[in-house]
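Working notes, structure below.
The model shown is predicted, which means the values in this text are computed figures rather than measured ones. Atoms within each ligand, like the ligands themselves, are counted from 1 in listed order.
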Amino acid sequence: MRINYLALRNFRNYIAVDLEFPPGTSVFAGFNGQGKTNLLEGIYYLLHGRSYREGELIRWGERYFHLEGEFALGERNIHIEAYSQGRRKVMKVNGSPVRKLSEYLGTVNAVSFAPDDLTLVKGGPSERRKFLDQHIAQIQPRHIAILNSYNKALQQKNALLKTNLTLRDKQQQISLWNEQLVNFGCKIIANRMELVEPLAQCTAEIYSEISGRRERFGMLYRSLGKNDAREAIALFPSFLQDKQSEEIERRISFLGPHRDDLYFRLGDKPARLYASQGQQRSIVLSLKLAQMRLIKDLKSEYPLLLLDDVLSELDKERQEFLLSFIRTANIQTLLTMTNGEKFPGNSAVFYVEEGKIRRKV
Ligand SMILES: Nc1ncnc2c1ncn2[C@@H]1O[C@H](COP(=O)(O)OP(=O)(O)OP(=O)(O)O)[C@@H](O)[C@H]1O
């Protein structure tokens, strides 16, 4: 998968930028606050129909933003457009408006890696669930709709638990929401389980390579407190039934895949507690590369790789591992760096300065 072309209009700190991307690695270098992340954010927005950051996308003082990109998928070119129309956001693929995100999400895949991802190991479970769910959504866009339906039912159930209705009324209504939670929740667990099995294997292989075969990495998806997600699916309805009185008493719904976690192990020790800084970096790097491989296995093409200021976070050996993976697999990679860092060999270099981009000649 490739990006050939990108146009940004009034997007973040860009007034008007038109860029053509060569194959291979492109470096975007600049001082802090010049627009490097905004550029990757624009590409992310085109591929996901939303941003991953807070804040106003329209350039301050302007009334709209407009993004346009041309992507290549095998022999096929895909033209994606996104713009704001008042408060409304519009997406078009090859000129046709997109009604539902799931219609086009995952058409062109990208894996991104930024310093924030390094919290995946030591951060809270919600970060790891988000990581899993985002990956699933790239290959199975309906997963987003299932998550939304589950979260809606969960919100309604929590709202009900907070009301002052009689116990009898609550009991009656809760079972309706529980039915929905089971319906959508089991699909979520099944999707996560299906991804984690190959992801765990692939990540372990890559981690072993990075660590010179000295360390063993393992990953386990724990759902509803069970190590076996199939068991969790089978038990979910009766668990909800058993916990009903406690949920009514505590006025909160505390059981379901919205509480699940992904456990990382180094040898037989939990990585969350014991992984060193370097080991955390190796785990996240292995996870990202495993994601790339799984997408390649499924779609026969590697996704785009968006590396935001991440190279400086890796030591020399891990940098070399990542760069040689990119070179060997011939992955189109967009890499941001701060001025002064050493650029990887054979890359096209672009300078980013105050919302303007020029290619080094
Ligand atoms: N809606 C907006 N309109 C205009 N400028 C904006 C808008 N949103 C963000 N900015 C500005 O864009 C600038 C560039 O942000 P960006 O995150 O891309 O920087 P960067 O080059 O990646 O920097 P760093 O190396 O520090 O990560 C910031 O200074 C920010 O204030």
Side-chain angles (χ1 to χ4, degrees), residues 3 5-21 25-69 80-91 110-120 123 127 130 134 277 280-281 284-285 288 304-315 318-319 322-323 326 332-344 347-360:
I3 178 164
Y5 167 79
L6 177 72
L8 307 164
R9 297 286 180 271
N10 292 336
F11 183 78
R12 296 283 194 188
N13 70 332
Y14 291 102
I15 299 176
V17 160
D18 294 82
L19 272 180
E20 284 188 20
F21 298 89
T25 300
S26 296
V27 169
F28 292 86
F31 292 110
N32 296 130
Q34 301 301 304
K36 303 184 296 295
T37 303
N38 294 345
L39 171 75
L40 298 189
E41 186 186 20
I43 297 172
Y44 184 98
Y45 192 99
L46 281 173
L47 298 181
H48 297 85
R50 64 181 176 84
S51 173
Y52 54 92
R53 302 206 290 178
E54 308 254 313
E56 185 54 74
L57 300 177
I58 301 175
R59 187 176 149 81
W60 298 322
E62 297 293 341
R63 296 158 61 102
Y64 74 98
F65 76 82
H66 192 210
L67 301 172
E68 217 176 310
I80 307 181
E81 215 181 324
Y83 53 91
S84 59
Q85 215 169 46
R87 294 167 67 89
R88 220 161 67 88
K89 305 277 196 308
V90 182
M91 301 282 314
V111 167
S112 42
F113 187 5
D116 279 357
D117 293 317
L118 295 170
T119 59
L120 262 175
E127 314 238 352
K130 198 160 108 193
Q134 280 177 348
Q277 298 262 8
Q280 289 173 53
R281 283 163 166 70
V284 180
L285 178 59
K288 297 285 169 176
L304 289 178
L305 181 58
L306 309 177
L307 299 177
D308 193 3
D309 213 5
V310 88
L311 225 48
S312 59
E313 296 282 340
L314 304 175
D315 62 21
R318 291 180 186 88
Q319 276 189 18
L322 170 62
L323 294 173
I326 294 169
Q332 193 190 25
T333 304
L334 310 186
L335 190 102
T336 74
M337 295 181 123
T338 312
N339 272 351
E341 285 181 60
K342 193 169 168 284
F343 305 141
S347 43
V349 176
F350 296 80
Y351 291 109
V352 184
E353 200 179 340
E354 290 183 10
K356 294 197 179 63
I357 303 181
R358 69 183 162 84
R359 185 164 177 179
K360 182 184 171 196

Residues 304-312 side chain polar contacts: donor-acceptor under 3.5 Å, at least two apart:
residue : atom : partner : partner atom : Å
D308    : OD1  : T37     : OG1          : 3.4
D308    : OD1  : T336    : OG1          : 2.6
D308    : OD2  : T37     : OG1          : 2.9

Quiz: residues 55-63 side-chain donor-acceptor pairs under 3.5 angstrom, not counting sequence neighbours:
residue : atom : partner : partner atom : Å
E56     : OE2  : I58     : N            : 3.2
R59     : NH1  : N13     : O            : 3.3

Output, or 'none' if empty, a list of ligand 1-protein atom pairs in which both atoms are N or O and the distance is under 3.5 Å, rounded to 0.1 Å.
residue  : atom   : partner : partner atom : Å
ligand 1 : 1 (N)  : E56     : O            : 2.8
ligand 1 : 1 (N)  : I58     : O            : 2.9
ligand 1 : 1 (N)  : W60     : NE1          : 3.3
ligand 1 : 3 (N)  : R12     : O            : 3.2
ligand 1 : 3 (N)  : W60     : N            : 3.0
ligand 1 : 8 (N)  : R12     : NH1          : 3.4
ligand 1 : 12 (O) : N38     : ND2          : 3.1
ligand 1 : 15 (O) : N38     : ND2          : 3.4
ligand 1 : 17 (O) : R53     : NH1          : 3.4
ligand 1 : 18 (O) : K36     : N            : 3.3
ligand 1 : 18 (O) : T37     : N            : 3.2
ligand 1 : 18 (O) : N38     : N            : 2.9
ligand 1 : 18 (O) : N38     : OD1          : 3.1
ligand 1 : 18 (O) : N38     : ND2          : 3.4
ligand 1 : 21 (O) : Q34     : N            : 3.0
ligand 1 : 21 (O) : G35     : N            : 3.0
ligand 1 : 21 (O) : K36     : N            : 2.9
ligand 1 : 21 (O) : K36     : NZ           : 2.9
ligand 1 : 22 (O) : T37     : N            : 2.9
ligand 1 : 22 (O) : T37     : OG1          : 2.7
ligand 1 : 23 (O) : G33     : N            : 2.7
ligand 1 : 25 (O) : N32     : ND2          : 3.0
ligand 1 : 25 (O) : K36     : NZ           : 2.8
ligand 1 : 26 (O) : N32     : ND2          : 3.1
ligand 1 : 26 (O) : G33     : N            : 3.4

Below 4.0 angstrom, N of the basic side chain to O of the carboxylate: do D18 and R9 qualify? yes
Residue list, salt bridge (Lys or Arg N to Asp or Glu O under 4.0 Å) with R53, at least two apart or on another chain: E41
Donor-acceptor pair, distance only, cut-off 3.5 Å: does the side chain of Y83 make one with the backbone of Y64? no
Could you tell me whether the side chain of R281 and the main chain of E313 form a donor-acceptor pair under 3.5 Å? yes
